[in-house]
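Each remark here refers to the structure printed beneath this line.
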Amino acid sequence: MDAFTQLDGTTAPLDRANVDTDQIIPKQYLKSIKRTGFGDYLFDAWRFLDQGTMGMTPNERQLNHEFVLNLPQYQGASILLARDNFGCGSSREHAVWALKEFGFRAVIAPSFADIFHGNCFKNGVLPIVLDAKIVEEMIAKSDGNLTLRIDLESQTVTDGERSYDFVIEPALKQKMLNGMDDIDMTLDEVELIKTFEAKHKATQPWLFRG
Amino acid sequence: MAQTLYDKIWQAHDVGQRVDGNSLLYIDLQLLHEVTSPQAFEGLQLANRPLWRVDANLATPDHNVPTDGRELGLSGITDEVALTQVLTLDDNCKKFGVEQFDIQDVRQGIVHVVGPEQGATLPGMTIVCGDSHTSTHGAFAALAQGVGTSEVEHVMATQCLVQNKAKNFAVEVSGKLAPHVTAKDLVLAIIGRLGTAGATGHTIEYRGQAIRDLSMEGRMTLCNMSIEAGARAGLVAVDDTTIDYVKGRPFAPKGEVWDQAVVYWRTLISDEDAVFDSVLNIDAADIAPQVSWGTSPEMVCGIDGSVPDPEAMQDPIQAESAGHALKYMDLRPGQKITDIKVDRVFIGSCTNARIEDLRAAAAAIKGGRIADNVKEALVVPGSGLVKAQAEKEGLADIFTQAGFLWRAAGCSMCLGMNPDQLGDGEHCASTSNRNFEGRQGYGGRTHLVSPAMAAAAAVAGHFVDVREIN
């Protein structure tokens, strides 16, 4: 996994609450058997006026010039500002793959849906929870020139003038800072798992068919 | 210390704390389907890792399979990209030795219908699947959670999930549901009260007399939509209804092991003095049949209600969301729900495609035919076995005689990954679980309802109160 230590980037504001993963990446693109190739279809029904299918490139499409991510001032933004409950709905990890491939390495919101939040940490995309009032201020100030520095080690977001602290679970922080692989980490505990499994099989044998 | 049901299942699967402080939770069953597993199988192979426990996995294709032309088998899948996904699942299951109910198997169906039907879902289990509606299996007092593809791969490789324990949320439903008011109406009403993020970070336990009175099918409908209130998992405690349902199913234990299992399963209830972090109290008698009017499952009201006015809403963000939703749905504030016309009807999905759902829908037709303004009404059973049962009971004939299309099992129009989709601007009475923009088809407008409400709307051509037609 890509490590995340520090990010200096411009912001793009998505001023809607309860943005679901069906909006982040619609179903027609889930037929891929790969982890890549989703960036072109991020927020597909909002970014484009025509209905897309897998394999189409953005230059074949009709852009929705009013949608925030298509406005010239937000091109190249790497930090998405969002509202409450971002990433609700389907567990599709394709939503995080699409955001990352499009260029977002961090999402700042007052709250996230659980599964989406977990999926971000599997892919080196940092979801940051800040107070709703602070996010609203950032959304209001996000004119295309708002640059933020996100520093994971010190758990701060700085906008040049002010600095905001954020909370992150220590284990997730270490994993992101070092870009560690979850499976490798768990397999370090293989004896612990095997011991548990033997005991579990003895107490609930009906859970084992093999 | 007194424990909740969730605490008990967690404790029974807590492998121990890892050096970094996170917990490892042992997983008893992983359900696999064609859409979220290929990248996980690929990851496993690239890292040259084996599947930790082959017998803890069960697969079936459901998301993108067409619901007609099933007799053609794989050649019935005309979408080549979808076919590749189904073939990839076939290959992976063969390669890794995973049991699969493939597209030709009568046991094929929606993973969340198939698991319980086969007795693969058992009380007290931990279950994962790369699908957020895995919460369905909580009806059996199983801790069942939807996970992303990286976690699918993690469970394949380690049989564990790295997780922190969630909080406990009690939804207490007292009293009795009125006749023709179902588990679907109940769960929509709960989501309407809690909001779509109301239970984020929690595991819900549904409790109270109205829950005890529900069949297993009803409890599955209820737990299925826990994720729509933000909870990764929902639970119902074990009782006779649970045990009677599981008994004799193909994967369920038999003989002495069955007796031993039942003794343990009987302990899967919250202790009387267990403390919950949050509680919601609801009186079942207050609930009317529900219809969603917006683009989030929390945007719901009774059939006797009307579309709300965003301008009358206190919270500016909520008002803005409702305004967006009404524009997308082409509805106006104050419009009566019964005045909303439907263009298509979908009876199916992991929420409402079990035999009891099909019986309720067929009963609501009452000898009528689908209305002239209804372009298409689809009935998609949750599994091949549900389909066969419904045909045996004569339900399929009732549907087809009324003008409904009778299809083969799959997720179908719930998410429109297969050819069953809404057209741009069409209103649909749907028994599925999500009314998000474009969910059932580009520009489609979904109204979430119970099976009886969907069937009645098909016949009337607009929403009607099933309590009045009965």
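Just so it is clear, the structure is predicted and the values come from calculations on it, not from any experiment. In what follows, chains carry the letters A, B, and so on, assigned in the order in which the sequence lines appear, proteins first and then strands, with residues in each chain numbered from 1.
Contact annotation for Q318(B): neither backbone nor side-chain heavy atoms come within less than 4.5 Å of a heavy atom of chain A. Contacts of R439(B) with chain A are made by both backbone and side-chain atoms, with heavy-atom separations under 4.5 Å. Residue A56(B): no heavy atom, backbone or side chain, is found under 4.5 Å from chain A. Contact of D15(A) with chain B is made through backbone and side chain together, with heavy-atom distances under 4.5 Å. Residue contact with chain B, scored on non-hydrogen atoms closer than 4.5 Å, involves the side chain of H94(A) exclusively. Of the two parts of F116(A), neither the backbone nor the side chain holds a non-hydrogen atom closer than 4.5 Å to a non-hydrogen atom of chain B. Proximity to chain B (any heavy atom under 4.5 Å) is shown, for M185(A), by both the backbone and the side chain. With a 4.5 Å cut-off on non-hydrogen atoms, S321(B) touches chain A through its side chain but not through its backbone. Contact annotation for V81(B): both backbone and side-chain heavy atoms come within less than 4.5 Å of a heavy atom of chain A. Contacts of Q51(A) with chain B are made by both backbone and side-chain atoms, with heavy-atom separations under 4.5 Å. Using a 4.5 Å cut-off between heavy atoms, F41(B) makes no contact with chain A at all. There is no contact between S111(A) and chain B, counting heavy-atom distances below 4.5 Å. Contacts between D182(A) and chain B at a heavy-atom distance below 4.5 Å involve backbone atoms as well as side-chain atoms. Only the side chain of Q23(A) comes within less than 4.5 Å of a heavy atom of chain B; its backbone N, CA, C and O stay farther away. Using a 4.5 Å cut-off between heavy atoms, D181(A) contacts chain B through its side chain alone, with no backbone atom that close. Heavy-atom distances place both the backbone and the side chain of V190(A) under 4.5 Å from chain B. Only the side chain of D79(B) comes within less than 4.5 Å of a heavy atom in chain A; its backbone stays farther off. With a 4.5 Å cut-off on non-hydrogen atoms, T200(B) touches chain A through its backbone and its side chain both. Neither the backbone nor the side chain of D424(B) comes within contact range of chain A, judged by heavy atoms closer than 4.5 Å.
Between S91(A) and S132(B), the closest heavy-atom pair is OG-N, 3.3 Å. Contact between N85(A) and A197(B) at its shortest, heavy atoms only, is CG-CB, 3.5 Å. Taking both residues in full, the closest heavy atoms of V257(B) and P205(A) are given as CG1-CG, 4.4 Å, listed atom of the first, atom of the second, then distance. The nearest pair of heavy atoms linking I317(B) to A17(A) is CG2-CB, 3.6 Å. Heavy atoms only, all atoms of each residue included: H154(B) and I183(A) are closest at CD2-CG1, 3.7 Å. Among all heavy-atom pairs drawn from E93(A) and T149(B), the shortest one is OE1-N, 2.8 Å.
Across Q145(B), Q260(B), Q421(B), the residue that shares the most heavy-atom pairs under 4.5 angstrom with chain A is Q260(B). The candidate with the highest count of non-hydrogen atom pairs below 4.5 Å against chain B, out of E197(A), Q174(A), K175(A), is E197(A). Taking I193(A), L192(A), L172(A), N119(A) one by one and counting their heavy-atom pairs under 4.5 Å with chain B, the maximum is reached by I193(A). Chain A forms more heavy-atom pairs under 4.5 Å with one residue of E151(B), H13(B), E298(B) than with any other, namely H13(B). With chain A as the partner, the residue from T295(B), T36(B), T88(B), T196(B) showing the most heavy-atom pairs under 4.5 Å is T196(B). With respect to chain B, the highest number of heavy-atom pairs below 4.5 Å among D44(A), L187(A), D84(A) belongs to L187(A).
Distance check, rounded to the nearest 0.5 Å: CD of Q159(B) to NE2 of H200(A) gives 9.5 Å. To the nearest 0.5 Å, atoms OG1 (T134(B)) and CD1 (I115(A)) are separated by 7.5 Å. Interatomic distance, CG of N435(B) versus CG of D22(A), reported as 10.5 Å (0.5 Å rounding). The structure places OG1 of T53(A) at 12.0 Å from OH of Y442(B), a figure rounded to the nearest 0.5 Å.
Taking 4.0 Å as the cut-off between side-chain N and carboxylate O, E320(B) and R83(A) count as a salt-bridged pair. A salt bridge links R209(A) with E99(B): at least one charged nitrogen is closer than 4.0 Å to a carboxylate oxygen.
Using a 4.5 Å heavy-atom cutoff, the side chains of R35(A) and S150(B) are in contact. Side chains of S90(A) and R434(B) form a contact here, defined as non-hydrogen atoms less than 4.5 Å apart.
K31(A) places no side-chain N or O within 3.5 Å of a backbone atom of T84(B) that could act as its donor or acceptor partner. Here the side chain of Q85(B) pairs a donor or acceptor atom with the backbone of S32(A) at under 3.5 angstrom. E169(A) places no side-chain N or O within donor-acceptor distance of the main-chain N or O of N22(B), the cut-off being under 3.5 Å.
For E437(B), the salt bridge (Lys or Arg N to Asp or Glu O under 4.0 Å) partners are R16(A), not counting sequence neighbours. Residues forming a salt bridge (Lys or Arg N to Asp or Glu O under 4.0 Å) with R105(A) (at least two apart in sequence, or on another chain): none. Partners of D420(B) by salt bridge (Lys or Arg N to Asp or Glu O under 4.0 Å), not counting sequence neighbours, listed by chain and number: R407(B).
Taking the six-membered ring for Trp and thresholds of 30 and 60 degrees, W206(A) and Y264(B) have ring planes inclined between 30 and 60 degrees apart.
Scanning residues 44-54 of chain B against chain A with a 4.5 Å non-hydrogen threshold yields R49(B), W52(B), R53(B), sorted by number.
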